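Model, not experiment: these values are computed from the prediction. In what follows, chains carry the letters A, B, and so on, assigned in the order in which the sequence lines appear, proteins first and then strands, with residues in each chain numbered from 1.
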Amino acid sequence: MSGSDERPSGGEDGSSGEEPGRHGLQELIAERRAKAQRLRSADPDAFPYTFAGAEPIAAVLDAYEHLDTGEETEDSHRVAGRIAARRGAGKAAFMDLVDRTGKIQLHARLDVLGKEAFEQLTTLDLGDLIGLDGAVLRSRHGELTLRVERFEVLAKALRPPPDKHHGLTDVETRYRRRELDLIANEESRRVFLQRARVISAVRGYLDGEGFVEVETPILQPLYGGALARPFTTHHNALDRDLYLRIATELYLKRLIVGGLERVYELGKDFRNEGVSHKHNPEFTMVEWYEAYADYEAEALRLEQIVAAAAAAAGYEGEIDFAAPWQRIGFVEAIEQATGIDVTAHGDADSLRGAIAERGLEMATAGLSWPQLADDLLSKFVEPGLARPTFVLDYPVALSPLARDHRSKPGLVERWEAFAGGMEIANAFSELIDPDVQRERFAAQHRLGAAGDEESHPYDETFVQALEQGMPPTGGVGLGIDRLVMVLTGRDSIREVVLFPAMREPGA
RNA sequence: GCCCCGUUAGCUCAUCUGGUAGAGCGCCGGACUUUUAAUCCGGUGGGGCGGGUUCGAGUCCCGCACGGGGCACCA
């Protein structure tokens, strides 16, 4: 990786004309660069390549929690991090040092360090990175502190950090320059640590249940597994268009046909659609498939996996994830929320009439019966589903990859899981009959020919795989970003994606 | 794509009806050997971009860019 000692890294701050020695920011940078040069002049070995043996600050804090106010030790500990604050000067100063685990106070004393080192340490800028050895004490004001015995400047911050007290609140800057957000806002650091723990917990659960983690193509000749518009790209040597996957479903099912029996893939999917507080064009999904299981078995798995993720994230919010979650039928959920029994209005015109009759705020023009029913669910049911809920048994027209319901004609064995007013997962008893699958694809193909850009393309390779014989299978797709949103209490996906998609910066 | 709101110093925020744009932090200089949003004195630095109205625009008008919220779209 790049050394952090030398140049400003050009960066993407929008400004191209960096006139040296001008005003404001440029002046600050020039001052800091001059300081870096002074450090280099004073010490040819300044800015070393390594700083070995540093302990996490949190470990030092924990180990000396018992120390009494005013008590001093001769125990030397080595830490490294970024200077976040400085108080006092004269012949002694205090500084705050931050690493990824926490913050510790440093005490710099002229009589300990000597004139040259003391001046060097106390004239460093906020944002500079240092490593040091220091003796542990608890100050008269009760704060655990390291009395600096020796230190090395590891890197110079040429640009000033955000406000030490108010942090960085401008959301645009927080998203575009996430490194500044992470430097300034501990809360933001915490969210991404929680995200990492959620992902570990999901993998841990599936690994523990005997699932095999696999990697299937991101560049796909034909996209499938969801109803969405893809990103298209082109491979030069093969001279063919390829699509970034919108889902992993079809490849994973081929692995079930291949006999792997329990597989999962956790990774990015890409959908070329609008961005919103719950949609980023690339997002993280885990899909798992399990032979000899149906959608009810997978509902139990989701309850367990989310419980594991919530525990790993240290979830302390108001949602109770304890099993069993609420379960309600698709038809019943709509009827409860709107008073409309969609099965009693079996065609689009009739359903449209019922919607108009109740004065529901919803666009209905040109929509088919299943589209109307789905819109009723997403507009009037989903926002109210704060507690974890399975909505079961969807119309077949919305679900070309799900198996017909064993007892409810016209419906398929499918559930969607909701929490915090948001869909987080989707599952089927998978359709395994190649002839039915072929018909479903043909129906989708007709929709596509009629102009529906999100219809499912016909995938003959997939159907032929089914013709080899696929066991009864349950499959689930769980949206990691949305799960993290729920577990961290964030209301925007941009708060849980490190570098969310944005427009080009303005002038 | 549509509607509403926002954009002032490196960061966080002020700025009555149009009349020379202020503060804190940071940074620079000075004082201070237990401070913690350290304190005290002095200094530094600014109206997103492009037009218009006006004697005069951060402020009023138009356009553009980016962001936020909502709608549309979207699992």
Hey, does [X] reach any base, or is it just sugar-phosphate, or nothing, if we go heavy atoms under 4.0 Å?
X      : answer
A/E504 : sugar-phosphate
A/E273 : sugar-phosphate
A/G167 : sugar-phosphate
A/D374 : base
A/K379 : sugar-phosphate
A/D96  : nothing
A/A363 : nothing
A/G274 : nothing
A/S139 : base
A/R229 : nothing
A/R503 : sugar-phosphate
A/Q371 : nothing

Practice item. Check whether the ring centres of A/H456 and A/Y223 lie less than 6.0 Å apart, and answer yes or no. Key: no
Exercise for review: For this output row, return yes or no: ring centroids of A/Y295 and A/F428 closer than 6.0 angstrom.
Suggested key: no
Does [X] place a side-chain N or O at less than 4.0 Å from the phosphate oxygens OP1/OP2 of [N]?
X      : N     : result
A/T123 : B/C27 : no
A/R176 : B/C66 : no
A/R86  : B/C27 : yes

Review point. With under 30° as parallel and over 60° as perpendicular, where do the rings of A/Y394 and A/F330 fit, or are they tilted in between?
Key: tilted
Check your understanding: A/K253 versus A/F462: any side-chain heavy-atom pair under 4.5 Å?
Key -> yes
